[in-house]
Amino acid sequence: MLTLSGSALETGLTAPALFRLTTVPDLPAPLRAQRAFLMRGLGDVPEGYPHYLVFDRDPIPANGAAFTRLDEKFAYLSDDDIVHLSPHGHVRTLFRSASNHNSILLTEQCNNYCLMCSQPPKRKDDRWIVDEVRQLVPMMPRTTKSLGITGGEPTLFGDDFLDIIRLCKSWLPTTALHVLSNGRSFADVGFARNYAAVDHPALTVGIPVYSDDPSRHDYVVQEKGAFDETIRGILNLKRFGQRVEIRVVVHKQTFERLPELAEFIARNLVFVDHVALMGLEMMGFTRANLDALWIDPIEYRDELSAAVAVLRAYRIPVSVYNHQLCLINPDVGIAYVKSISDWKNEYVPECDGCARRDECGGFFSSGVKHGYSPSIKPFPHRHPAVD
Ligand code: SF4
């Protein structure tokens, strides 16, 4: 697992700053102003960069420029990555150019309180993040393929949230944008209309629906009436022609009615653009509510098969995320996606020698740490039919 935030060994910064990194010594002078030069070992130190990053025991820049020294946890940093550095030595990696899993956390506040929230909500005012994001987006490479916007609940920032979408449209016009939202704000027709009016060319909002039974959904998100608002939000978004993905996290509270939920989606929300059936991540509240949530995926593999079959029968695009290939029925393979973000993806010793490891998404690092299915079984052959 990559370390995305931590402490520097030392820093000469006197004020917090965002830097896009480069190892190119001869960038045109105007481009150097917002970049930090990433030094590796000895070598000439190019002039004109406002900051320099050095590693471990590397020599400091001989030109006397301000520098921050990082340990090898940050050795993955490379050209066009973007970091936030504080004068107290706190380092946060906000963007990695080599990754297809970059996302912006817009707020830690949320109006749901989901049993399995991986980013437990905080009540404090964190609108300062919006200002940071206004700085961050224009620094990202225009070639960025995809970008997520998450929270908390990012739509709680209302017009500021819409401004960020507009900013992404202006600076990253070819970047696919994926917003994660509980969908409740879109129950307000005016807000849904304003969101649509941004007219972003490649924008999808992913909205969780946990059950066809409103009381079960409300229990999972710990908010009475949430189901009604979420469904109204989805309907408003589709009314305005917006792309919507439904996301279902499968766990002990949701697996039994998975086929019924698929039927509900097929009958009432057949126009959604995608449904993602997702395995549980052992982060945040999940760890505290493990007894109420954890179920071995092998135990719900038939429900998963049934849900995939229903959605496919109605021609609704469906994907299965965050599962291990050896724990699903072969008929789910057609919807299986290797999905776990690269920076938190691992395999376990049982995977050694598995013939299909390169097709398998493996585990969240948190899952490896806090327990996983005893039924993990390496495939002896590449094709499941011969196993
Ligand atoms: S044994 Fe193979 S299929 Fe199972 S989790 Fe490991 S790599 Fe994936």
Side-chain angles (χ1 to χ4, degrees), residues 1-4 76 96 98-101 103 116 118 146 148 206 208 245 247-256 258-259 262 274-287 289-312 317-387:
M1 182 157 169
L2 294 181
T3 301
L4 298 182
Y76 62 83
R96 287 190 304 120
S99 173
N100 287 324
H101 300 280
S103 61
M116 65 292 175
S118 59
S146 60
E245 173 190 70
R247 295 168 81 89
V248 186
V249 181
V250 190
H251 52 63
K252 207 191 260 184
Q253 303 298 326
T254 60
F255 83 95
E256 276 172 308
L258 208 49
H274 184 232
V275 176
L277 305 173
M278 307 170 64
L280 188 64
E281 184 176 6
M282 304 260 198
M283 291 283 285
F285 285 157
T286 300
R287 298 222 286 269
N289 296 322
L290 210 52
D291 284 350
L293 295 172
W294 165 252
I295 175 170
D296 187 333
I298 204 141
E299 290 182 36
Y300 63 71
R301 59 183 174 169
D302 292 339
E303 284 83 356
L304 195 60
S305 285
V308 168
V310 168
L311 294 165
R312 283 178 51 77
V318 53
S319 301
V320 171
Y321 293 158
N322 308 347
H323 281 78
Q324 294 77 45
L325 209 45
C326 53
L327 300 183
I328 59 168
N329 289 327
D331 58 4
V332 170
I334 196 151
Y336 185 85
V337 177
K338 245 180 116 164
S339 57
I340 298 176
S341 304
D342 56 346
W343 60 274
K344 51 184 177 182
N345 185 208
E346 286 185 27
Y347 293 85
V348 295
E350 291 91 323
C351 302
D352 291 348
C354 176
R356 301 183 70 195
R357 182 174 160 136
D358 60 340
E359 298 169 63
C360 174
F363 298 79
F364 288 111
S365 308
S366 54
V368 172
K369 201 163 148 201
H370 298 285
Y372 54 89
S373 169
S375 301
I376 295 297
K377 191 168 165 226
F379 287 95
H381 308 289
R382 278 197 74 78
H383 198 283
V386 294
D387 289 322

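When a ligand or atom number is given, it counts from 1 through the structure's own listing order. FYI, the numbering just counts along the sequence from 1. Note that the structure is predicted; figures quoted are calculated from it, not measured.
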Nearest protein heavy-atom contact for [atom]: which residue, which atom, what distance?
atom: atom 1 (S) of ligand 1; value: Pro378 CA, 3.5 Å
atom: atom 8 (Fe) of ligand 1; value: Cys360 SG, 2.3 Å
atom: atom 6 (Fe) of ligand 1; value: Cys351 SG, 2.3 Å
atom: atom 2 (Fe) of ligand 1; value: Cys354 SG, 2.4 Å
atom: atom 4 (Fe) of ligand 1; value: Cys326 SG, 2.3 Å

Where does the angle between the aromatic ring planes of His323 and Tyr300 fall among parallel (under 30°), tilted (30 to 60°) and perpendicular (over 60°)? perpendicular

Check each atom of ligand 1 against the heavy atoms of [X] and keep those under 4.0 Å away; list them by number with element.
X: Phe379; result: 3 (S)
X: Leu325; result: 3 (S)
X: Gln324; result: 5 (S)

Keeping the roles fixed (side chain from Ser339, backbone from Tyr321), state whether a donor-acceptor pair exists under 3.5 Å. no

Closest non-hydrogen atom pair, [X] against [Y]:
X: Gly362; Y: Gln324; answer: O-NE2, 3.0 Å
X: Glu350; Y: Pro378; answer: O-CG, 3.4 Å
X: Leu325; Y: Glu359; answer: CD2-CB, 3.8 Å

Less than 6.0 Å separating the ring centroids of Phe363 and Tyr347? no

